[in-house]
Visitor: 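Could you have a look at this structure, given as structure tokens, before my questions?
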There are 2 protein chains.
Amino acid sequence: MSSKRAGSSAATAARKTAPSAAETAEKPAAGSIRERNQAIILKAAEQVFAKKGFNGATTAEIARKAGVPKPNLHYYFGTKQQLYDSVIENILDLWLGAMDEIQPDADPAEAIGHYVQNKIRASRDWPDSSRLWAIEVIGGGRHVSNFMKGRLRNLVREKGQVMARWAAEGKMDPVDPAHLMFMIWASTQTYADFAAQIAAVLDRDAVDDDVFRVAEQTVVRIILKGCGIG
Amino acid sequence: MSSKRAGSSAATAARKTAPSAAETAEKPAAGSIRERNQAIILKAAEQVFAKKGFNGATTAEIARKAGVPKPNLHYYFGTKQQLYDSVIENILDLWLGAMDEIQPDADPAEAIGHYVQNKIRASRDWPDSSRLWAIEVIGGGRHVSNFMKGRLRNLVREKGQVMARWAAEGKMDPVDPAHLMFMIWASTQTYADFAAQIAAVLDRDAVDDDVFRVAEQTVVRIILKGCGIG
DNA sequence: GGCCATCCTGACCAAACGGTCAAGAAATTT
DNA sequence: AAATTTCTTGACCGTTTGGTCAGGATGGCC
């Protein structure tokens, strides 16, 4: 009797991310066992870490959720800490995408509006990533310190200069760009991080698409108008 | 702000000898040993819980930070869970104060502006409370579910009606009040919860008064202007 | 089929944790 | 000062945790 808890949603998701190019038919290629299992474990780990933080999560729970025996975690990722680092690394992209539109010759309303939109949709589509990031930063952010002081800081500086130029050209108010970013991040990620609170206040079981629609509308509107755009 | 709450779940500890503490009338016993030590432990517990969450915090660390032996925690608070509950209970007031100014006959700019101000200053003055609240809600908020679905929801509904009236009178834009609240909470509490990230991006050791000054200015301005006030 | 590398897993371990206890020290009351 | 209640503490315990290991199963390649 094999201990297959198979058919989980994790398996389907992992199959989607598997390299499908050269493979024919349904049989996974040789080297893909590793990738498949790593993906399954990473997804389970993200869920558990996002809910309980690093210390609160147990390797046993992650293994159970992934449907694999516990030693399998260590086989693929070494220690719990290394597994955590791998999960964190997969999240960093959330911060870098979507800011591309903020360019000197772009339209501020569109650029910033789309950025807010994308951030809110990220909260809807990958809430666990947002929550895990939040827990990590609240705890001091030691694992992401380099990222925050490096790529993230540079990005804020760069996009801040674009906004300063927009302001100089009269296209928007001279708002402090860094704090505008903080405000956008906070106002959008709150729909993932504080979903429990928002659902409770709105008397719903969860933050569903209806809520996200009004959220997107409201936040985009206040941010843009608040910056003197539009 | 209401005054402090005496440890409500403290009595469960000393079961050996009936804890006859508070039954016969109010015995202030100014500076009693019990109150002093409970306050010390609660403060230490809040710091540790805020950084590591419930599971990540250890009673040994709380005891060390409070400067008392570990069994002393159990003597005063029973279990770790009860200590956590006591800490959480002390935080709830943060959500209720400061919204008082939002009244039908008040000036929207002043009322909302002061509310944002107060929330940002709360992030500056009690960052650990904000962070602990965040960790609790991210983890599902089971310990505060009643509060969120009760007093908090009612408060949002009540103040939302005030804002709807302001909007009907043309004093502000017809913004969804609940989402405006979410935005204010997120934009203000982020200066406590995400302090590590903000400090890193701004290239500072910590989020100091300078940062808070610009933060207050920027957030108040964007929120008010974004709502069509001012 | 035969061989090898990769993958899987039940059983186990040392450390850390929450919690307990009994006895002693310090207040408080009588 | 004696009695009694409250407070303090080192030592201890059962459970849970992250991590290990040896050996078995599986798949790829000739």
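Chain letters run A, B, ... following the sequence lines, proteins first, then strands; residues in each count from 1. No hydrogens, no waters, no symmetry mates; every other heavy atom, side chains included, goes into these values.
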Visitor: Which listed nucleotide (D:dA11, D:dG19, C:dA11) is nearest to the side chain of A:His74?
Guide: D:dG19

Visitor: Taking atom C1' of C:dC7 as reference, at what distance in whole Å does atom CD of A:Glu35 sit?
Guide: 15 Å

Visitor: What is the distance, to the nearest angstrom, from the CD atom on A:Gln81 to the C1' atom on D:dG18?
Guide: 12 Å

Visitor: A:Asn72 side chain: which of D:dT8, D:dG18, C:dT9 is closest?
Guide: C:dT9

Visitor: Quickly work out the B:Arg34 CZ to D:dT5 P distance and round it to whole Å.
Guide: 15 Å

Visitor: Which nucleotide, D:dC7, C:dC7, C:dG19, lies nearest any side-chain atom of B:Thr79?
Guide: C:dG19

Visitor: For a side chain to side chain contact (heavy atoms under 4.5 Å, CB included) with A:Leu155, tell me which candidate from A:Glu158, A:Arg151, A:Arg157, A:Arg153 qualifies.
Guide: A:Glu158

Visitor: Quiz question: by atom type and distance under 3.5 Å, do the side chains of A:Gln189 and A:Trp133 form a donor-acceptor pair?
Guide: no

Visitor: Separation of B:Lys52 atom NZ from C:dG18 atom P, in whole Å?
Guide: 11 Å

Visitor: If I take atom CG in residue B:Leu83 and atom P in nucleotide C:dG18, what distance separates them, rounded to the nearest angstrom?
Guide: 11 Å

Visitor: With respect to the side chain of B:Thr59, which nucleotide from D:dT17, C:dG18, C:dC7 is positioned closest?
Guide: C:dG18

Visitor: Taking only side-chain nitrogens and oxygens of B:Asn37, does any of them come within less than 4.0 Å of OP1 or OP2 of D:dT8?
Guide: yes

Visitor: Rounded to whole Å, how long is the line connecting atom CD1 of B:Ile41 with atom P of D:dT9?
Guide: 11 Å

Visitor: Determine the contact category for A:Ala57: base if any of its heavy atoms lies under 4.0 Å from a base atom, sugar-phosphate if only primed atoms, P, OP1 or OP2 are that close, otherwise nothing.
Guide: sugar-phosphate

Visitor: Working to the nearest 0.5 angstrom, can you tell me the gap between A:Asp193 CG and A:Ser123 OG?
Guide: 6.5 Å

Visitor: What's the closest nucleotide to the A:Pro71 side chain, out of C:dG10, D:dG18, C:dG18?
Guide: C:dG10

Visitor: Do the side-chain N or O atoms of B:Tyr75 get closer than 4.0 angstrom to the phosphate oxygens (OP1, OP2) of C:dG19?
Guide: no

Visitor: Tell whether A:Lys80 reaches the base of D:dG19 with its side chain through a donor-acceptor pair below 3.5 angstrom.
Guide: no

Visitor: What is the distance, to the nearest angstrom, from the CZ atom on A:Phe77 to the P atom on D:dT20?
Guide: 16 Å

Visitor: If the plane angle is over 60° it's perpendicular, under 30° parallel, otherwise tilted; pick one for A:His179 and A:Phe182.
Guide: perpendicular

Visitor: Nearest 0.5 angstrom please: B:Gln117 CD to B:Glu216 CD, how far?
Guide: 4.0 Å

Visitor: In whole Å, I'd like the distance from the CD atom of A:Gln38 to the C1' atom of C:dC7.
Guide: 12 Å

Visitor: How do A:Lys70 and B:Thr58 order along DNA chain C: which one's closest nucleotide is nearer the 5' end?
Guide: A:Lys70

